[in-house]
Amino acid sequence: MYTDKVLDHFANPRNVGELTDANGVAEIGNPTCGDITRIYLKIEDNIIKDIKFKTFGCAAAVASGSMLTEMAKGKTIEEALKITDEAVAEMLDGLPPQKMHCSNMAAEAMQAAIENYKEKLGA
Amino acid sequence: MYTDKVLDHFANPRNVGELTDANGVAEIGNPTCGDITRIYLKIEDNIIKDIKFKTFGCAAAVASGSMLTEMAKGKTIEEALKITDEAVAEMLDGLPPQKMHCSNMAAEAMQAAIENYKEKLGA
Amino acid sequence: MRKIYFDHSATTPVHPDVAEEMFRYVSEIFGNPSSIHSFGREARKAVEAARSKVAQGIGANPEEVVFTSGGTESDFMAIRGVAYANRKNGNHIITSAVEHHAVLDTCKALEKEGFELTILPVDGYGMVSPQDLAKAIKENTTLITIMHANNEVGTIQPISEIGAIARERGVLFHTDAVQSMGKIPVNVNELLVDLLSVSGHKIYAPKGVGALYIRRGIRWRPLNFGGGQERKRRPGTENVPGIAALGKAVELAVKDMEEENKRLTFLRDKLIKGILDTISHVRLAGHPTMRLPNHVNLIFEFIEGESMLLRLDMQGVAASSGSACTSGSLNPSHVLLAMGIPHEIAHGSLRLTLGRSNTEEDVDAFLSMMPPIVEQLRAMSPLC
Amino acid sequence: MRKIYFDHSATTPVHPDVAEEMFRYVSEIFGNPSSIHSFGREARKAVEAARSKVAQGIGANPEEVVFTSGGTESDFMAIRGVAYANRKNGNHIITSAVEHHAVLDTCKALEKEGFELTILPVDGYGMVSPQDLAKAIKENTTLITIMHANNEVGTIQPISEIGAIARERGVLFHTDAVQSMGKIPVNVNELLVDLLSVSGHKIYAPKGVGALYIRRGIRWRPLNFGGGQERKRRPGTENVPGIAALGKAVELAVKDMEEENKRLTFLRDKLIKGILDTISHVRLAGHPTMRLPNHVNLIFEFIEGESMLLRLDMQGVAASSGSACTSGSLNPSHVLLAMGIPHEIAHGSLRLTLGRSNTEEDVDAFLSMMPPIVEQLRAMSPLC
Ligand SMILES: Cc1ncc(COP(=O)(O)O)c(C=O)c1O
Ligand SMILES: Cc1ncc(COP(=O)(O)O)c(C=O)c1O
Ligand code: FES
Ligand code: FES
């Protein structure tokens, strides 16, 4: 059911953990399944210097978190905001239909974390 | 489904054929399946000296004809009339439930043939 | 004693390659396809591979194939599923008088539940007339179910003609291809059918597995609910060994069809000619040319089918008289009666259905065996 | 990599003796049991011998056993068959919140068709209360269906108590014994049930075969019609290899039960204790003592079942999280939720179900494998 890419990112997830010096953090609950993903961002000069995630979720959620953080790292905020859940799923060589919603969580959590960063900046 | 006894009487049916000198003959059609049995009797001094049958019927009909004729041969008319279809079936070590009606045909045909003999006698 | 099996329409032995495929999934790759671990994933792979093979064998897409427990289940799933799902649009079903009991009895049960049923007559060859069918379609007709090839007399129905009419009139069309599969081409798009039933054990796969083709997008609904298997169309843990076997069997059947078809047609015709030439008062039941290549049904007057069967059996030949399913019944075959064959003559039907294992020697042995049997039985018959 | 299969509640490998029995009827004795020739008669003999074995295994008469395509079919045949047949007398059905989907979804489908449905709650162990049941019975109640042992948490229900109530109140009682068969005693007269479901592939027989016990004389009717097989209770050519296998499997299961029961209980308890002793925030789901001897369900807080399953799978261990049938679903098990376990905690369930092949080494290997997996996953969890 899962692609080799998904299983690889699940077995060896990239960027797992917390950032103590994060300047953007958000947690998203998945309305479909009740799972949770949290994203930590370290943004400097509008660029995502570092990003980490934690998830209470299925293998697709773990792999999506891993893949999304890989994709976002080094990007500008604007570029990062363009990363869709479909793009994450595609980079994982696809997700099973009933697991497509799992990739949402990672992308949405990142968007919320950027929002959080902007709010703090504005504050 | 059939007992060895049935199969034996089917494979080597006793008393098959006609009696040219019969003094009692009758044919019975089976209302359940549309099959037919004919019995020829040679009665002397109230005793069934010879009996033969023909049947257009299933293996149970053939075996019943064979067994019934064996059972009836040498009996008095009164004794012969006491042979029931159940008795025939029993002597065959039983018949499948949906084939019980096949043994009727033989017994009934013999009863009708005895009737025929009596009628001729009375006439 | 040499055994000759002439009852391939009743069931077939599992082909060695099919058995091998089946056995792989019995003790070795035994997972539940719904399990996410490797045991489960391997089983899932086998099921989906088989689905593709079956789909390919009938010209369908894999998602249009649902695995069932056999031809009977495929039939009633098709018929009830369409009947119930379309009840709002109409409640009239059309079938034919020569269908297998799985179809006919399902239709009759629906009639008792309030559906309207038209049972089309057949001609002396057991053939349904497309004209009759066209006339029978009404405003409220939602389903036509006519078999591809008849199990008792081997007659092949004009399915694509019927399919064209059904399509033009907007009526869903199911065909029972249990007997035709592997013997003549079966393609859902050429036959213009919306649902099609297949049974494993008639094509050298094991008993207990079948498939139902359900055209994408048609209005059909499942009958039962449970674990969500087969995309919620048929609940219950998948019969993985059976399904894998069915996939293999369809693959083989299609691959070998042309050659087997030729070979069996030759044997069939030799058998028919041999009997008609040597025994009097015998007729062929079913269509002389529009018939399955492996199918012989001969009617011997004055004698009864069961007696012939048992005599043959004692000499090692397995044959049947009408459908195996109905041989427990006492009535002569509803198919023969529908063809207008009188009751007492219908009793004398002998069905000989050839298959992979049969050779010309089998036919020759049978041809020399049959005349004395008929003679002996006729000597016993009050009708002679 | 050494493979450890801890998912025997999802499915089991076919036992070698059972496979041998099955294979005899695949290519060698391959007849259709409805055929009257010797091929058919041998197949019929096999079916009836298997029926006797299954009957003996559950304390029934052979005529009370009907073969089906599996546990799911047995369940819906039992439930729909009683519901429809008794509709004139009442239309109220009672079931429990922890039934398998085959039962629960069938009951819910009947509710949509106009039947009245009561779904009994369970306690924290997943246990139905006979008192609740007694209260739920009404004038119009015609059927109670409560499973013998639960597939997800292993809890054994007080079936004979419920059976006594049902009998006293004149209500027909069905139990799904798919998980209990072969693990604890299953006797229809001791359990006081009128219908009982069994599935082959849970007891080392193949997938695609099951049995339904229908007590003689009860009001039940078949759902489908066709060739008249199984004394008109279940149409379709009999799955002879599967049926023969089921007979053998029931025989073996009953013969070995006492010993296996002891052996598995020891392994089960060692496994549970081992995990509870070494990992924090873990609880056992289901009843501590009224549970299947082979059944472990542990809930690990802060982590998600699927992740555990896949980690274990990568190390060669097959386990499950809730029912295999529902692992495609995203919702936490309806069983755990019915037991009052909160949504996010229910997500952390790991089901380990032992069987014939498992040894103490398997348990030890698992016990040393699990702590680092949990640690790693918890490190990833935002809840920690
Ligand atoms: C034409 C036809 N349809 C349906 C069936 C039933 O299929 P199965 O035996 O797989 O239940 C048969 C075989 O008996 C058949 O010949
Ligand atoms: C309790 C219970 N009932 C019914 C079933 C369904 O049985 P089957 O898989 O044979 O369809 C299962 C297994 O999935 C089960 O565990
Ligand atoms: S994140 Fe919840 S199921 Fe995938
Ligand atoms: S005599 Fe007609 S079925 Fe036996």
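Just so it is clear: chains get the letters A, B, ... in the order the sequence lines come, proteins before strands, and each one is counted from 1.
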* May I ask you to name which of C/Gly40, C/Gly236, C/Pro206, C/Ala318 has the most heavy-atom pairs under 4.5 Å with chain D? => C/Ala318
* Structure fact -> Closest heavy-atom pair, C/His174 versus C/Ala78, reported as atoms and distance to 0.1 Å, is CD2-CB, 3.5 Å
* **Per-residue contact mode, D/Ala245 against chain C (heavy atom under 4.5 angstrom)** => neither
* **Pairs of heavy atoms under 4.5 Å with chain C: top-ranked of D/Val209, D/Thr12, D/Asp313** => D/Asp313
* Any sub-3.5 Å donor-acceptor pair from C/Ser74's side-chain atoms to C/Ala211's backbone N or O? -> yes
* Using a cut-off of under 4.5 Å on heavy-atom pairs, state which of C/Lys207, C/Glu73, C/Arg80 scores highest against chain D. => C/Lys207
* Asked: Is D/Glu48 salt-bridged to D/Arg51, going by a charged N under 4.0 Å from an acidic O?
  -> yes
* Side chain / backbone / both / neither for C/Arg311 at chain D, heavy atoms under 4.5 Å -> neither
* Asked: D/Met22 versus chain C, heavy atoms under 4.5 Å apart: side chain, backbone, both or neither?
  -> side chain
* Asked: Among side-chain atoms of C/Thr353 and C/His8, is any donor-acceptor pair under 3.5 angstrom?
  -> no
* Asked: Which of the residues C/Met314, C/Glu238, C/Glu28, C/His201 is involved in the greatest number of heavy-atom pairs with chain D at under 4.5 angstrom?
  -> C/His201
* With a 4.0 Å cut-off, would you call C/Lys108 and C/Glu99 a salt bridge? -> no
* Asked: Given a strict heavy-atom distance threshold of 4.5 Å, which part of D/Arg44 is in contact with chain C: side chain, backbone, both, or neither?
  -> neither
* To do: Output the option from D/Phe225, D/Phe39, D/Tyr204, D/Tyr5 having the highest count of non-hydrogen pairs under 4.5 Å with chain C.
  => D/Tyr5
* Asked: Checking D/Arg356 side chain against D/Pro13 main chain: does a donor-acceptor pair fall under 3.5 Å?
  -> no
* **Selection from C/Gly31, C/Gly71, C/Ser199, C/Gly242 maximising heavy-atom pairs under 4.5 Å formed with chain D** => C/Gly31
* Asked: Can C/Asp7 and D/His37 be counted as having a side-chain donor-acceptor contact under 3.5 angstrom?
  -> yes
* Asked: Any idea which of D/Leu310, D/Asn224, D/Asp75 has the most non-hydrogen atom pairs under 4.5 angstrom with chain C?
  -> D/Asn224
* Asked: When only pairs under 4.5 Å are counted, which of D/Tyr25, D/Phe23, D/Phe76 shares the most heavy-atom pairs with chain C?
  -> D/Phe23
* To do: Without swapping roles, check the side chain of D/Asn297 against the backbone of D/Glu152 for a donor-acceptor pair under 3.5 Å.
  => yes
* Asked: What orientation do D/Phe366 and D/Phe6 show, parallel under 30°, tilted 30 to 60°, or perpendicular over 60°?
  -> perpendicular
* Checking heavy atoms, do the side chain of C/Ala43, its backbone, both or neither come under 4.5 Å from chain D? -> neither
* Asked: In terms of heavy-atom pairs under 4.5 Å with chain D, which of C/Gly316, C/Gly70, C/Pro235 leads?
  -> C/Pro235
